Student: 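Could you have a look at this structure, given as structure tokens, before my questions?
Bear in mind the structure is a predicted one, so any value in this text is a computation, not a measurement.
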Amino acid sequence: MFSQIKRDIRAVFERDPAVKSVLEVILCYPGFHAVQMHRVAHWFYRRGWMVTARFISQVARFLTGIEIHPGATIGQGLFIDHGMGVVIGETAEIGDNVTLYQGVTLGGTGKEKGKRHPTIGNNVVISTGAKVLGSITIGDNVKIGAGSVVLRNVPPNCTVVGVPGKVVVRNGRHLADGDMSAIDLHHDRLPDPVAEMILCLQRKIERLENRIAELEVERDAHQHLQHTEQEKGRISAG
């Protein structure tokens with residue numbers, strides 16, 4: 001238990017430049033509080049004390065604004081930054097060194113039974129307001145952009161943005177010294193597929209306009225040549 005707490009504290013220091021001391025983490029970080037209370041609730045949940053587990057999770061929700069179902073499975077080093085509005089469903093599974101920002105939902109898509117929440121790999125960053133829904137798998141080293149809605153499996157080493165979420169980068173992560181455990185928190189530096197599509201359309205329109213201008217020049221030259229030939233014909237007839 002103490003080793004888990006130390007790892008969770010270390011995760012805060014690794015991923016939040018604002019932190020100043022261990023005491024600050026213990027007293028002032030709701031994400032840290034929610035994770036520790038979840039570990040207690042999960043212990044009761046696994047032993048069949050469902051009401052006790054749910055009561056602890058609801059107390060944690062009231063105190064932190066973060067709702068983690070006691071049935072969710074969470075790995076080492078989960079960091080929930082700020083965390084208000086984060087929801088993690090009952091059958092969700094979260095790997096090691098995962099970072100969640102405020103408003104993230106790991107939810108289901110209906111009333112189906114069994115596994116109905118996502119499985120998140122290691123070293124994953126899920127940005128503000130993103131929704132990952134259904135019994136899908138998010139691979140290791142994935143970044144999900146702010147406001148994205150992910151409904152399908154995502155392979156490892158990808159960046160996902162949009163509604164619905166689309167993979168826009170694959171195997172393109174820059175890792176510190178090749179260390180696969182490094183976590184890229186630059187979730188503000190994601191490609192914009194909509195902007196890229198608009199740029200493609202603009203370039204195509206420019207090419208079409210240039211081609212139309214060339215055709216107009218050719219038409220004017222052809223008409224001028226026709227007028228010249230007609231004038232020559234009138235002179236010859238006269």
Side-chain angles (χ1 to χ4, degrees), residues 11 15 31 34-35 38 42 57 66-175 180-201:
R15 284 169 254 169
V35 171
H38 167 74
H42 188 64
S57 70
I66 299 168
E67 183 173 347
I68 308 176
H69 194 284
T73 302
I74 294 177
Q76 302 293 320
L78 172 64
F79 176 47
I80 303 176
D81 194 8
H82 299 291
M84 181 62 69
V86 167
V87 177
I88 300 175
E90 178 184 13
T91 60
E93 299 176 34
I94 300 177
D96 297 334
N97 304 320
V98 172
T99 303
L100 307 179
Y101 289 88
Q102 64 268 27
V104 167
T105 298
L106 306 181
T109 56
K111 296 182 179 180
E112 67 275 10
K113 300 293 184 179
K115 184 74 167 76
R116 61 190 184 278
H117 298 100
T119 298
I120 310 298
N122 301 322
N123 308 321
V124 173
V125 176
I126 305 180
S127 303
T128 303
K131 315 299 178 187
V132 185
L133 305 177
S135 180
I136 62 176
T137 299
I138 308 299
D140 296 342
N141 308 313
V142 166
K143 286 195 297 182
I144 298 176
S148 300
V149 178
V150 183
L151 303 173
R152 296 181 180 179
N153 294 336
V154 178
N157 306 308
C158 290
T159 299
V160 178
V161 298
V163 181
K166 294 180 175 59
V167 175
V168 293
V169 173
R170 179 174 293 178
N171 297 320
R173 296 182 74 249
H174 299 288
L175 302 177
M180 290 305 293
S181 66
I183 303 172
D184 185 357
L185 296 179
H186 294 295
H187 56 99
D188 58 328
R189 303 177 186 175
L190 301 179
D192 187 342
V194 176
E196 291 176 0
M197 180 61 67
I198 292 174
L199 290 175
C200 289
L201 290 173

Student: Distance check, rounded to the nearest 0.5 Å: Q76 atom CD versus D96 atom CG?
Tutor: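 Going from CD on Q76 over to CG on D96, the span is 6.0 Å.
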Student: List for me each residue that meets side chain to side chain contact (heavy atoms under 4.5 Å, CB included) alongside H82, sequence neighbours excluded, and say none if there are none.
Tutor: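 So H82 forms a side chain to side chain contact (heavy atoms under 4.5 Å, CB included) with Q102.
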Student: With side-chain contact (heavy atoms from CB on, under 4.5 Å) as the test, would you mind laying out the steps for V150 and I144 before giving the verdict?
Tutor: CA-CA 8 Å; V150 183; I144 298 176; 3.9 Å; yes
Student: Return each pair, listed once, that meets salt bridge (charged side-chain N to carboxylate O under 4.0 Å, His left out) where at least one residue sits in residues 66-76; pairs must be two or more places apart or across chains.
Tutor: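 Those involving residues 66-76 are R61-E67.
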Student: Any donor-acceptor pair under 3.5 Å linking the side chain of T128 with the backbone of Y101?
Tutor: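 The answer is no, because no donor-acceptor pair under 3.5 Å joins these two groups.
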Student: Heavy atoms only: give me the nearest A72-G89 pair and the separation to one decimal.
Tutor: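 Closest pair (atom of A72, atom of G89, distance): CB-O, 3.4 Å.
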Student: To check you understand the geometry: which heavy-atom pair defines the closest contact between V160 and S148, and what is its length?
Tutor: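 For V160 and S148, the tightest heavy-atom pair comes out as O-OG, 3.8 Å.
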Student: Roughly how far apart are I136 CD1 and N153 CG, rounded to 0.5 Å?
Tutor: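 Output value for this atom pair is 6.0 Å.
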Student: Do P118 and V132 come close enough that some side-chain heavy atom pair is under 4.5 Å?
Tutor: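 Yes, close enough: below the 4.5 Å cut-off.
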Student: Just to verify, what does E90 make a side chain to side chain contact (heavy atoms under 4.5 Å, CB included) with, not counting sequence neighbours?
Tutor: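 Counting only residues at least two positions away or on another chain, E90 forms a side chain to side chain contact (heavy atoms under 4.5 Å, CB included) with Y45, H69, R116, H117.
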Student: Using atom types as modelled and distance alone, determine if a side-chain donor or acceptor of R15 lies under 3.5 Å from a backbone N or O of I80.
Tutor: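 No.
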Student: Shortest non-hydrogen contact from S127 to G145?
Tutor: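 Of all heavy-atom pairs spanning S127 and G145, the closest is CB-C, 3.7 Å.
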Student: Suppose we screen for side chain to side chain contact (heavy atoms under 4.5 Å, CB included). Which residues come up paired with V149, at least two apart in sequence or across chains?
Tutor: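 For V149, the residues satisfying side chain to side chain contact (heavy atoms under 4.5 Å, CB included) (neighbours in sequence not counted) are K131, L133, L151, V163.
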Student: First locate atom OG1 of T73, then atom CD1 of I88, and finally report the distance between them rounded to the nearest 0.5 Å.
Tutor: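 One finds 11.0 Å between OG1 of T73 and CD1 of I88.
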Student: Side-chain contact test, heavy atoms from C-beta onward, threshold under 4.5 Å: evaluate it for N157 versus D140 and give yes or no.
Tutor: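 Of all side-chain heavy-atom pairs linking D140 with N157, none is under 4.5 Å.
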Student: Any heavy-atom pair between the side chains of L78 and L100 that's under 4.5 Å?
Tutor: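 L100 reaches L78 side chain to side chain.
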Student: Can you tell me how far apart CG (L106) and CD1 (I68) are? Round to the nearest 0.5 Å.
Tutor: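 The CG atom of L106 sits 9.5 Å away from the CD1 atom of I68.
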Student: Judged by modelled atom types alone, do N122 and N97 share a side-chain donor-acceptor pair under 3.5 Å?
Tutor: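 N97 and N122 do not have a side-chain donor-acceptor pair below 3.5 Å.
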Student: Using the test side chain to side chain contact (heavy atoms under 4.5 Å, CB included), find all partners of S135 that sit at least two apart in sequence or belong to another chain.
Tutor: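 Expected list: K115.
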Student: Given I126 and I138, is the side-chain contact (heavy atoms from CB on, under 4.5 Å) satisfied, shown in steps?
Tutor: CA-CA 10 Å; I126 305 180; I138 308 299; 6.0 Å; no
